[in-house]
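So that the names make sense, note that chain A is the first sequence line, chain B the second, and so on, each numbered from 1. Hydrogens, waters and symmetry mates play no part in the numbers below; they use all other heavy atoms, side chains included.
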2 protein chains.
Amino acid sequence: MHLSPAYKTIFKNALEKSSLKPTKQREHIFSLILNKKDHPTADEIYTRSRETMPSISLATIYNCLETLVESGLIRQVNFERESTRYCPNLKPHAHFLCKDTGTIYDVDLPASVFDTLKKHLPKNFQPEQIDINFNGSIKKINNNS
Amino acid sequence: MHLSPAYKTIFKNALEKSSLKPTKQREHIFSLILNKKDHPTADEIYTRSRETMPSISLATIYNCLETLVESGLIRQVNFERESTRYCPNLKPHAHFLCKDTGTIYDVDLPASVFDTLKKHLPKNFQPEQIDINFNGSIKKINNNS
DNA sequence: AAGTGTAATTAGAATAATTCTAAATTAATT
DNA sequence: AATTAATTTAGAATTATTCTAATTACACTT
Ligand SMILES: [Mn+2]
Ligand SMILES: [Mn+2]
Ligand SMILES: [Zn+2]
Ligand SMILES: [Zn+2]
């Protein structure tokens, strides 16, 4: 579980831009999220982290996740009041929660969709973030010819 | 604090469609949310409710809000991990949270925007709900001539 | 190398929104 | 009136997250 040289540079630069240190724990958590591209909760990340870094604490998980979000390396995803989930996909995209399985899917969206949305805001509203969350079910595809 | 005859009918019909009873408490909470068109939390609704119905309990607030949401009379609004807020506006719209004041604004959107969003989903994804949340600041309009 | 200062990590306690439980109340039905 | 089912209620329980205070790690100076 470790970062490619390319991501290591991205990681260090993002943190140093905010004068934060690229610590072992921060890198460990970042690499875990990057390498398994789902949308884990803090607690899932805690469990996965301890497999290879048994001494890490839950408080550190929360601290590091906050740091990674603030540095722009990962995104938070919230559905209703469920635990916050974390997402390494930095391209513009929406999220779809399947209410049958609980799985969250990335839905890629062209930048134009976000631009259109912004056009509907009053001129003095200045959005910093736009979250688009779908909620529904996924129909099984019929595979019989 | 009470419902117009038109809304009283809507209220009764929506509940009876799910074989739920149009109780005093449910009507009280619904009218509070309808008459002050902001986005109150359960706790704010609790405080407002007790002004005219001092014996209502917080558990009832939560129970009634859940019932009203399930009946389609109000919507839930969630930003990050903040307390859930409730919205009486049933037209298609998005929400904008001003991070300076904490105020949530309704942003009306034409149905076409939601249709466009749906077009970007894989064909077997069947959305039941779409939440669009903006997060940012609101620039003061310069009123000097 | 030892000492200093600051940031990060850690364990565990605290918080707070929400949900749960079980009893009491209400309202409809026989 | 008695029976039943739904709703309300008070208070306890839950749980994700935040907070606190102590420890550790590490860069920089002496
Ligand atoms: Mn994402
Ligand atoms: Mn709304
Ligand atoms: Zn994602
Ligand atoms: Zn609204």
Point to revise | B/Glu16 backbone acceptor or donor facing B/Ser19 side chain under 3.5 Å | key: no
Practice item. Select base, sugar-phosphate, or nothing to describe what B/Thr41 touches, counting heavy atoms under 4.0 Å on all strands. Key: nothing
Exercise for review: Ignoring backbone atoms, establish whether A/Thr84 has a side-chain N or O less than 4.0 Å from OP1 or OP2 of D/dT17.
Suggested key: yes
Check your understanding: Quick one: salt bridge (charged side-chain N to carboxylate O under 4.0 Å, His left out) pairs with a partner in residues 54-63 of chain B, sequence neighbours left out?
Key -> none
**Study point:** B/His95/B/His39 under ring pair (Phe, Tyr, Trp, His ring centres under 6.0 Å): CA gap, chis, key distance, verdict
**Key:** CA-CA 10 Å; B/His95 289 105; B/His39 295 87; 4.9 Å; yes
**Study point:** Listed partners of B/Gln129 passing side-chain hydrogen bond (donor to acceptor under 3.5 Å, both in side chains), at least two apart
**Key:** B/Asp131
**Study point:** Check: B/Arg75/B/His93 side-chain N/O donor and acceptor closer than 3.5 Å
**Key:** yes
Practice item. Would you indicate, yes or no, if D/dT9 has its OP1 or OP2 atom less than 4.0 angstrom from a side-chain nitrogen or oxygen of B/Thr60? Key: yes
Review point. D/dA16 C1' sits how many Å from A/Tyr46 OH, rounded?
Key: 14 Å
Point to revise | d(CG, A/Asn78; C1', C/dA17) in whole Å | key: 14 Å
Exercise for review: Check whether any side-chain N or O of B/Tyr62 sits under 4.0 Å from OP1 or OP2 of C/dT19, and answer yes or no.
Suggested key: no
**Study point:** Whole-Å distance separating the CG atom of A/Leu58 from the P atom of C/dA11
**Key:** 10 Å
Review point. How does protein reach along nucleotides 21-27 of chain C, written 5' to 3' as B (base within reach of a heavy atom under 4.0 Å), S (only sugar-phosphate), or - (no contact)?
Key: -------
Review point. Aromatic rings A/Phe96 and A/Phe134: how do their planes relate, parallel, tilted or perpendicular, breaks at 30° and 60°?
Key: parallel
Point to revise | Axis deviation across the helix from C/dA1-D/dT30 to C/dT30-D/dA1, five-pair ends, to the nearest 10° | key: 10°
Practice item. Using only side-chain N and O atoms of A/Gln25, determine if any of them is under 4.0 Å from OP1 or OP2 of C/dT10. Key: yes
Check your understanding: Which residues satisfy the side-chain hydrogen bond (donor to acceptor under 3.5 Å, both in side chains) test with A/Glu82, sequence neighbours excluded?
Key -> none
Name every donor-acceptor pair, under 3.5 Å, that has one atom in a side chain of residues 53-67 of chain A and the other anywhere in the protein, sequence neighbours excluded.
unit_1	atom_1	unit_2	atom_2	d
A/Ser57	OG	A/Thr60	N	3.1
A/Ser57	OG	A/Thr60	OG1	3.0
A/Asn63	ND2	A/Ala59	O	3.3
A/Thr67	OG1	A/Asn63	O	3.0

Output side-chain donor-acceptor pairs under 3.5 Å for residues 98-105 of chain B, partner residues at least two apart or in another chain, one line each.
unit_1	atom_1	unit_2	atom_2	d
B/Lys99	NZ	A/Glu128	OE2	3.4
B/Thr101	OG1	B/Thr103	N	3.2
B/Thr101	OG1	B/Thr103	OG1	3.0

Practice item. Can you tell me the distance, in whole Å, between the NE2 atom of A/His28 and the P atom of C/dT10? Key: 11 Å
Review point. With A/Ser4, which residues qualify under side chain to side chain contact (heavy atoms under 4.5 Å, CB included), at least two apart?
Key: A/Ala6, A/Tyr7
Practice item. Find which nucleotide of DNA chain D each of B/Ile61 and B/Arg81 is nearest to by heavy atoms, and output the residue with the more 5' nucleotide. Key: B/Ile61
Show the atom names and distances, to 0.1 Å, of all donor-acceptor pairs under 3.5 Å that link a side chain in residues 107-127 of chain A to residues at least two apart or in another chain.
unit_1	atom_1	unit_2	atom_2	d
A/Thr116	OG1	A/Ser112	O	2.9
A/Asn124	ND2	B/Lys139	O	3.4

Revision key, fill the gap. Whole-Å distance, B/Ile29 CD1 to D/dT8 P, equals 8 Å
Practice item. Give the rounded distance in Å between these two atoms: CG of A/Asn63 and C1' of D/dA22. Key: 15 Å
Review point. What nucleic acid atoms does A/Ser55 come within less than 4.0 Å of, heavy atoms only: base, sugar-phosphate, or nothing?
Key: sugar-phosphate
Exercise for review: Check every strand shown and say whether A/Asp43 touches a base, only sugar-phosphate, or nothing at a heavy-atom separation below 4.0 Å.
Suggested key: nothing
Study note, to complete from the structure: Whole-Å distance, B/Glu80 CD to C/dA17 C1', equals 16 Å
Check your understanding: How would you list all residue pairs meeting salt bridge (charged side-chain N to carboxylate O under 4.0 Å, His left out) that involve residues 26-37 of chain A, not counting sequence neighbours?
Key -> A/Lys8-A/Glu27, A/Lys36-A/Asp38
Exercise for review: Quick one: list whatever passes side-chain hydrogen bond (donor to acceptor under 3.5 Å, both in side chains) with B/Asn133, sequence neighbours left out.
Suggested key: none
Exercise for review: Could you tell me whether A/Thr23 contacts a base, only the sugar-phosphate backbone, or nothing, with contacts defined as non-hydrogen atoms closer than 4.0 Å?
Suggested key: sugar-phosphate
Point to revise | Within residues 10-20 of chain A, residues whose heavy atoms come under 4.0 Å of DNA chain C | key: A/Leu20
Practice item. Let me know the distance between CD1 of A/Ile45 and C1' of C/dT9, rounded to the nearest Å. Key: 17 Å
Review point. Quick one: is A/Arg26 getting a side-chain N or O under 4.0 Å of the C/dA8 phosphate, OP1 or OP2?
Key: yes
